[in-house]
Number of protein chains: 2
Amino acid sequence: MSLRNALLGLLVFRPGSGYDLLKMFDTSLGYVWPAKQSQIYGELTKLDATGLIKVTEEGPRGRKQYSLTPEGHAETVRWLTESRESRPQRNPMLLQTFFLGLLPREEAVQRLLDHAETSAKEHDTLVALRDTEDWDKDMLTVCGRLVLEHGIRQRVLEQEWARWAAEQLRAGHVVDPDGGPTGAPGKETDVAESSATGTADA
Amino acid sequence: MSLRNALLGLLVFRPGSGYDLLKMFDTSLGYVWPAKQSQIYGELTKLDATGLIKVTEEGPRGRKQYSLTPEGHAETVRWLTESRESRPQRNPMLLQTFFLGLLPREEAVQRLLDHAETSAKEHDTLVALRDTEDWDKDMLTVCGRLVLEHGIRQRVLEQEWARWAAEQLRAGHVVDPDGGPTGAPGKETDVAESSATGTADA
DNA sequence: CTTCCACCTGTCAAAGTTGGAACGTCGAGC
DNA sequence: GCTCGACGTTCCAACTTTGACAGGTGGAAG
């Protein structure tokens, strides 16, 4: 339901075609709300039908420029005001982490360190972006920066956490079914045979 | 595609019925990978058909206890080893933040502070959980703790970021179309009229 | 002995997402 | 004059997720 709001949000600032919007998703908004071309065009058609946006201009290559209608603007503000239902987010990386005990210990540690490194690279990319001179020319100025900063902090967190977690595993804080901490460099460090529930986060 | 792996992962530790698995999702795994009952039962049927799991016991109330087959175990390990495609995650909160400039300034600030408070509450819940005595009785010991720790750190980040962001907005680091920083307590602090791209993160 | 709750499964429609194919056009450069 | 890349749209099949409905059983408490 939020792709719809993302599109409306972008159209508040300036009218644009499906292609324009697609570009914005690819270069920026997509970092917090990915969307494919097929989905965007489809949603635009629906929004047009609903009357939240309308075609205000038709360009050369069959280009259709959409603009927000007053209803569309109202809907956007309503959406921003609406209370967010904070549902847990899917996180493939944490899901895997949950079951990392099934891998040999060194392999598990490596997985975590890889994550740290990936995050470090992403971090650098985002920082470079933040420090770009012409930022203000291309981006939603203020709030875009807030979101970008979140991304940067997030990457720092991922790095620190992953290294900490790797250390935990490496240090042998692994408890086998019988309870004692294991130091064995054995093949498979299958953890927690006896119980199958865990707790995590979003 | 990962619900499948989540189910397999849980079944590695002990056989269980759809109902058992549902419980685990509700109380723990669901924090990193939410799933509804209808989805779980459906997926179990499919996994059974594929031969990755099989019914090893039928209980009183039509209960079907599933266990991993060797193929299922192999698949789980394969999945853990497989490289993760780090696709950006959807984040409704950041999506809204992106467009927060459409709200009157004080309202926007309040949105951010609300987020901080929500995160603080979640943080406390997770910390309480971490410090629970009988943790090891109910949870996947080691890796579950790693994931839990991630959740805790994440909540700290959210709080700090949200307060920082609120401060940024409040401090009037808002640039109007003409470029100058705005201090006006005006009705609508519509930001960034002139440009419609932003950059964010996952 | 009845009632209620926890247990336990199944199915379905609707919506959201993914990934890809297909098709046409304008402009720049060779 | 041709080609190629960027522009620009539409459609579709497959899969995932959500939310609800529908139904049946065992045991404990009153």
Side-chain angles (χ1 to χ4, degrees), chain A residues 1-8 10-11 15-27 29-50 53-66 79 85-92 95 202, chain B residues 1-8 10-11 15-27 29-50 53-66 79 85-92 95 202:
Chain A
M1 188 49 78
S2 278
L3 169 63
R4 172 204 196 79
N5 297 293
L7 291 170
L8 290 174
L10 286 175
L11 288 174
S17 66
Y19 193 77
D20 293 337
L21 293 164
L22 178 57
K23 286 298 211 38
M24 294 179 202
F25 271 88
D26 284 346
T27 63
L29 234 210
Y31 286 89
V32 292
W33 203 276
K36 301 288 183 172
Q37 174 253 41
S38 45
Q39 212 188 344
I40 292 177
Y41 280 105
E43 199 62 41
L44 283 174
T45 305
K46 280 188 217 158
L47 282 170
D48 192 9
T50 323
I53 62 176
K54 61 170 186 255
V55 179
T56 49
E57 194 187 313
E58 309 224 4
R61 267 163 281 212
R63 172 193 167 96
K64 287 194 262 180
Q65 177 154 308
Y66 291 101
W79 166 67
E85 31 153 0
S86 76
R87 219 188 307 200
Q89 312 274 310
R90 292 195 166 80
N91 189 326
L95 181 59
Chain B
M1 190 48 78
S2 279
L3 168 63
R4 172 203 195 82
N5 297 292
L7 290 170
L8 290 174
L10 286 175
L11 288 174
S17 65
Y19 195 76
D20 293 336
L21 294 164
L22 179 57
K23 287 296 211 40
M24 294 179 202
F25 272 89
D26 284 347
T27 62
L29 233 209
Y31 287 89
V32 293
W33 203 274
K36 302 286 183 174
Q37 176 255 37
S38 47
Q39 213 189 342
I40 292 177
Y41 280 105
E43 198 63 40
L44 283 174
T45 306
K46 278 187 218 160
L47 281 169
D48 191 10
T50 324
I53 63 176
K54 60 172 186 253
V55 179
T56 48
E57 193 187 314
E58 308 224 5
R61 268 164 281 213
R63 173 194 167 95
K64 288 194 260 180
Q65 176 154 310
Y66 291 101
W79 167 66
E85 31 153 1
S86 77
R87 219 191 305 202
Q89 313 272 309
R90 291 196 167 79
N91 190 324
L95 181 60

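A note on names: the letters A, B, ... follow the listed sequences, proteins ahead of strands, and every chain is numbered from 1. Below, all heavy atoms of this structure are taken into account, side chains as well, without hydrogens, waters or symmetry copies.
Counted by atom type alone, B:Asp48 and B:Thr45 present zero donor-acceptor pairs between their side chains at under 3.5 Å.
Between the C1' atom of C:dT17 and the CD atom of A:Glu43 lies a distance of 11 Å, rounded to the nearest Å. Between the CG atom of B:Asp48 and the C1' atom of C:dG10 there is a distance of 14 Å, given to the nearest Å. One atom, CG of B:Leu3, and another, C1' of C:dT17, lie 16 Å apart when rounded to the nearest Å. Rounded to whole Å, the distance from CG on B:Leu44 to P on C:dT9 is 8 Å. Atom CG of A:Leu47 and atom P of C:dA15 are 14 Å apart (whole Å). Rounded to whole Å, atom P of C:dC7 lies 11 Å from atom CG of B:Leu22. In this structure, the NZ atom of B:Lys46 is 14 Å from the P atom of C:dG10, given to the nearest Å. Note: CZ (B:Phe25) to P (D:dG19) measures 16 Å, nearest angstrom.
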Scan nucleotides 11-13 of chain C against the protein and return all N/O pairs shorter than 3.5 Å with their distances rounded to 0.1 Å.
none

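In terms of the side-chain hydrogen bond (donor to acceptor under 3.5 Å, both in side chains) criterion, residue partners of A:Thr56 (sequence neighbours excluded) are, by chain and number, A:Ser67.
The side chain of B:Tyr19 lies closest to C:dA6, out of C:dA6, D:dT9, C:dT17.
In this structure, the side chain of B:Tyr41 engages the main chain of B:Tyr19 through a donor-acceptor pair within 3.5 Å. A distance-only check finds a donor-acceptor pair linking the side chain of B:Asp20 to the backbone of B:Ser17 [under 3.5 Å].
Taking 4.5 Å as the limit, every side-chain heavy atom of B:Trp33 sits out of range of all side-chain heavy atoms of B:Leu7. Within the 4.5 Å cutoff, the side chain of A:Leu29 has no heavy atoms near those of the A:Leu21 side chain.
At least one side-chain nitrogen or oxygen of B:Lys36 sits closer than 4.0 Å to the OP1 or OP2 atom of D:dG19. Between D:dG19 and A:Arg87, a contact under 4.0 Å exists linking OP1 or OP2 to a side-chain N or O. At the phosphate of D:dT17, OP1 or OP2 sits under 4.0 Å from a side-chain N or O atom of A:Arg90.
Residue B:Leu95 comes nearest to A:Ala6 through the heavy atom pair CD1-CB, 3.8 Å, listed as atom of the first residue, atom of the second, then distance. The two residues B:Pro34 and A:Arg90 have their closest heavy-atom pair at O-NH2, 2.9 Å. Shown here for B:Ser2 and B:Trp79, the closest heavy-atom pair between the two residues is OG-NE1, 4.2 Å.
For residues 54-66 of chain B, proximity to DNA chain D is found at B:Pro60, B:Arg61, defined as any non-hydrogen atom under 4.0 angstrom from a strand atom.
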